[in-house]
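Throughout, protein chains are lettered first and strands after them, A, B, ... in sequence-line order, and every chain is numbered starting at 1.
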Number of protein chains: 2
Amino acid sequence: MGKRKAVEPDISIAKCRYSLLLEIIASKWAVLAIYAMEGGAVRYGEFLRRIEGVSKKMLTQTLRQLERDGLLEREIHDTVPPGVEYRLTPLGQSLIVPLRHMKTWAIAHYPLVREARDDYDRRAVNATISEG
Amino acid sequence: MGKRKAVEPDISIAKCRYSLLLEIIASKWAVLAIYAMEGGAVRYGEFLRRIEGVSKKMLTQTLRQLERDGLLEREIHDTVPPGVEYRLTPLGQSLIVPLRHMKTWAIAHYPLVREARDDYDRRAVNATISEG
DNA sequence: CTGCATCCCTGCGGATACTG
DNA sequence: CAGTATCCGCAGGGATGCAG
């Protein structure tokens, strides 16, 4: 039986469980937000200040998304200036582990990627020039 | 020295080395392409067939990006029907390791995330209804 | 302070057709 | 077979203003 090693019509990695993960981390804001919470609860305005370049719209959107996926908890303090704290759930914290592997890779291989990029771009420029 | 534990004007995780990694893997096509090459060299048309839903435009774009970052090599066979093979460089292969951690996490926690999502959505619907 | 609503514009990315 | 070029729709996401 089996074998049939040929064809493999479409291995279609597309709709596997991995796509779920992509939905989560494909947004850079999501990853940055998770990292911001690594040290403990974070307030809304704190995110805004710590994550450079994020807009209120994107921050709220990202936070909601993470909450929806059960990665963080929203804690509302009914004080007079309203205060809301966001903290990672255990599920969210568990995601930090593989994330850290990625970060480690990034730090270790950053120079190589940069170099490869520069080489590539340099070659591209030369090619363009020599075409005249 | 040191201490100064206060303020921390902007920890600004934004432009750290991690953003480089995000540039690479934030595209789902890039991750899928890398996985496709895990077993060895892959031809252009093979990508097209194996990665469901990818267009020629996006495929070429993704492949170029990965080549630029030194993650894959393009090998051109000057045969009569032109054949081009793409294979991971050692750098590209090294990325598979942390990627695998992510995949493992995804598979392990998929049910939890799904559940959290469903709960969240259910609550959202109820809230909408009770508002009338 | 925390957020939602609106406007608007850029560019991602799909479809199609053409070339080497 | 392996791309490149062009058109174009649509939504991601920034800026701003308002509300609780």
Could you measure the distance from the [atom1] atom of [X] to the [atom2] atom of [Y]? Nearest 0.5 Å is fine.
X: B/Leu95; Y: B/Leu72; atom1: CG; atom2: CG; answer: 11.5 Å
X: B/Arg43; Y: B/Leu48; atom1: CZ; atom2: CG; answer: 12.0 Å
X: A/Met102; Y: B/Leu21; atom1: CE; atom2: CG; answer: 4.0 Å
X: A/Gln93; Y: A/Glu38; atom1: CD; atom2: CD; answer: 9.0 Å

**Item:** Working for salt bridge (charged side-chain N to carboxylate O under 4.0 Å, His left out), residues B/Glu67 and A/Arg117
**Value:** CA-CA 9 Å; B/Glu67 187 187 3; A/Arg117 253 186 218 190; over 6 Å; no

**Members of residues 70-79 of chain A that approach DNA chain C, where some heavy atom sits under 4.0 Å away** = A/Arg74

**Prompt:** Would you say B/Arg100 has more than 12 foreign heavy atoms packed within less than 6.0 Å of its CZ?
**Reply:** no

Whole Å only: how far is the [atom1] atom of [X] from the [atom2] atom of [N]?
X: A/Gln65; N: D/dG12; atom1: CD; atom2: P; result: 11 Å
X: A/Leu59; N: D/dA15; atom1: CG; atom2: P; result: 14 Å
X: B/Gln61; N: D/dG3; atom1: CD; atom2: C1'; result: 13 Å
X: B/Met58; N: C/dG11; atom1: CE; atom2: C1'; result: 11 Å
X: B/Leu32; N: C/dG13; atom1: CG; atom2: P; result: 13 Å
X: A/Trp29; N: D/dG12; atom1: CH2; atom2: P; result: 16 Å
X: A/Ile51; N: D/dG14; atom1: CD1; atom2: P; result: 12 Å
X: B/Leu63; N: D/dC1; atom1: CG; atom2: P; result: 16 Å

**Item:** Shortest non-hydrogen contact from B/Leu91 toward A/Val113
**Value:** CD2-CG2, 4.0 Å

**Prompt:** Nearest heavy-atom pair of A/Ala30 and A/Ile24: which atoms, and what distance?
**Reply:** CB-O, 3.3 Å

**Item:** Contact state string [nucleotides 15-20 of chain C, B base, S sugar-phosphate only, - no protein heavy atom under 4.0 Å]
**Value:** B-B--B

**Message:** Is the phosphate of D/dA2 approached by B/Arg43 (side-chain N or O, under 4.0 Å from OP1 or OP2)?
**Reply:** yes

**Prompt:** Taking the side chain of A/Arg64 as its heavy atoms from C-beta onward, which of C/dC4, D/dT4, C/dC1 lies nearest to it?
**Reply:** C/dC4

**Item:** Qualifying ring pair (Phe, Tyr, Trp, His ring centres under 6.0 Å) pairs, either residue in residues 51-75 of chain B, two or more places apart
**Value:** none

**Message:** Base, sugar-phosphate or nothing for B/Tyr86? Non-hydrogen atoms, less than 4.0 Å.
**Reply:** sugar-phosphate

